[in-house]
Amino acid sequence: MTQAQTWSQRFEKALHPAIATFNASIGFDIELIEYDLTGSVAHAKMLVKTGIISPEEGQALVNGLETIREEYRQGQFNPGVDAEDIHFAVERRLTEIAGDVGKKLHTGRSRNDQVGTDTRLYLKDQIQQIRTQILEFQGVLLDLATNHVHTLIPGYTHLQRAQPLSLAHHLLAYVEMAHRDWERLGEVYQRVNTSPLGCGALAGTTFPIDRHYSAELLGFDRVYANSLDGVSDRDWAIEFLSASSLILVHLSRLSEEIIFWASQEFGFITLTDSCSTGSSIMPQKKNPDVPELVRGKTGRVFGHLQGLLVLMKGLPLAYNKDLQEDKEALFDAVKTVKGCLEAMTILLSQGMEFRPQRLAEAVAEDFSNATDVADYLATKGVPFREAYNLVGKVVRTCLESGKLLKDLTLDEWKSLHPEFDVDIYDAIAPLQVVAARNSYGGTGFEQVKSALQNARDRWEAAQS
Ligand code: ARG
């Protein structure tokens, strides 16, 4: 079949070769082949059910489509640019295999509703896989948190030492983010799960098709109510890219922390050999390539979200060829999110180790217990603001004399305020500072233990 024959007799000449290449999507939409075949099988069965084609014709179509699937899986189906896209490629091969009956497959549908069906089937699969990966990632965070309830780590605001934390509490913050990501993708899935098949080119079809039947065969929950909307809606793709962008925001924030935790300045973790690389010139280097790449790849996914929003904003109803550009964005975002989740899961489980000794030293050598001194006085009746001002003065004096709060003698404490007593030393010890923050959702060990249990239960329930 020549290019001119792909379309109708309206065309006498073939496309300019450069335009054929420019126009073709087969180079990337081959990714959709399995979904295209599955969608066509359902369409053929629907044509039989509604009496539009005979059962024998339907069987010949289904057999032909399954033969193409086999050929593809064996690496024997490699359509070129002359096929234009996956839909034409399959139809052409089907007609070669099954004969003239192959030409009946496209009855009552258009490539516009077909490509929408394929991409939604693809994305449904991918969303399920990504959700499973998010659970694996969460599982590793939960295991780490379980091992580090009593490991302390400095907590920061403005990247200035603020108050010490249970390391588990810090890790559980990422578990919460991951849970929202998992939930959000589940919500996006609901909307992806709507069938456009049978919307035709834009207006429906003259054939007595049964859209609900083909939707049911394909596992869609519902069908588009409006044919124009069905063929031109890409909200679901934008929602997916938006949910993916948030996943990457979370992975990128964690990456940034891991990168500075691994620096000599922080020294909170060591990178194991399995996930870090060396330098070609500086023999002492061990580089955190994995979190750096995750942080770097985040931008691609934001870019795809932006690209698709811009793609859609000026599109008149209904299908426009601009929509062909949605696929590479989706495919790349899917690949990027999956790759980043996998790499971060490996990094957390085998690529890094916390250094409890170094962390313990870090929390003992700063003024992150200053709030606790103010709280101590406030508990003894001194108004908090007054206590806060006094402790500010104490910190300044300490800084001038090169001391920490724990180095002050009881006499020095008492000279600062008569309410200070010997129990101040306990109150400002890092473990006590953390334990004391026992308000709901806080870093106190009791809170962290119950948060960990809740997160674990929720995670187990999500597996089913
Ligand atoms: N390859 C096309 C795409 O990806 C399929 C739909 C073509 N429809 C059309 N009216 N030209 O969007």
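Note that ligands are numbered from 1 as they come in the structure, with each ligand's atoms numbered from 1 the same way.
- For the 3.5 Å distance criterion, the side chains of K338 and Q133 fail to qualify, holding no donor opposite an acceptor.
- At distances below 3.5 Å, at least one donor-acceptor pair connects side-chain atoms of T443 with backbone N or O atoms of S166.
- A salt bridge between E325 and R234 is absent, with no side-chain N of the basic residue lying under 4.0 Å from a carboxylate O of the acidic one.
- Atom 2 (C) of ligand 1 has Q324 OE1, 3.3 Å as its closest protein atom, hydrogens excluded (heavy atom only).
- Using a 4.0 Å cutoff on heavy atoms, K327 counts as a contact of ligand 1.
- Residue, atom and distance of the protein heavy atom nearest to atom 3 (C) of ligand 1 are Y319 OH, 3.3 Å.
- Under the 3.5 Å distance criterion, with hydrogens and angles disregarded, a donor-acceptor pair is assigned to the side chains of S40 and R109.
- Inspection of the S252 and R295 side chains reveals no N or O donor paired with an N or O acceptor under 3.5 Å.
- Here the protein heavy atom with the shortest distance to atom 5 (C) of ligand 1 is D85 OD2, 3.5 Å.
- Ligand 1 places these atoms under 4.0 Å from at least one heavy atom of S25: 1 (N).
- In terms of protein heavy-atom proximity, atom 8 (N) of ligand 1 is nearest to N112 OD1, 2.8 Å.
- Remark: D85 engages R111 in a salt bridge, criterion side-chain N to carboxylate O under 4.0 Å.
- The distance criterion of under 3.5 Å between nitrogen or oxygen atoms is not met by H87 with respect to ligand 1.
- With a 4.0 Å heavy-atom cut-off, ligand 1 is reached by no atom of Q114.
- Summary of contacts: the protein heavy atom closest to atom 11 (N) of ligand 1 is R111 NH2, 3.2 Å.
- Ion pair E446/K449 flagged as a salt bridge, since at least one NZ, NE, NH1 or NH2 atom sits closer than 4.0 Å to an Asp/Glu carboxylate oxygen.
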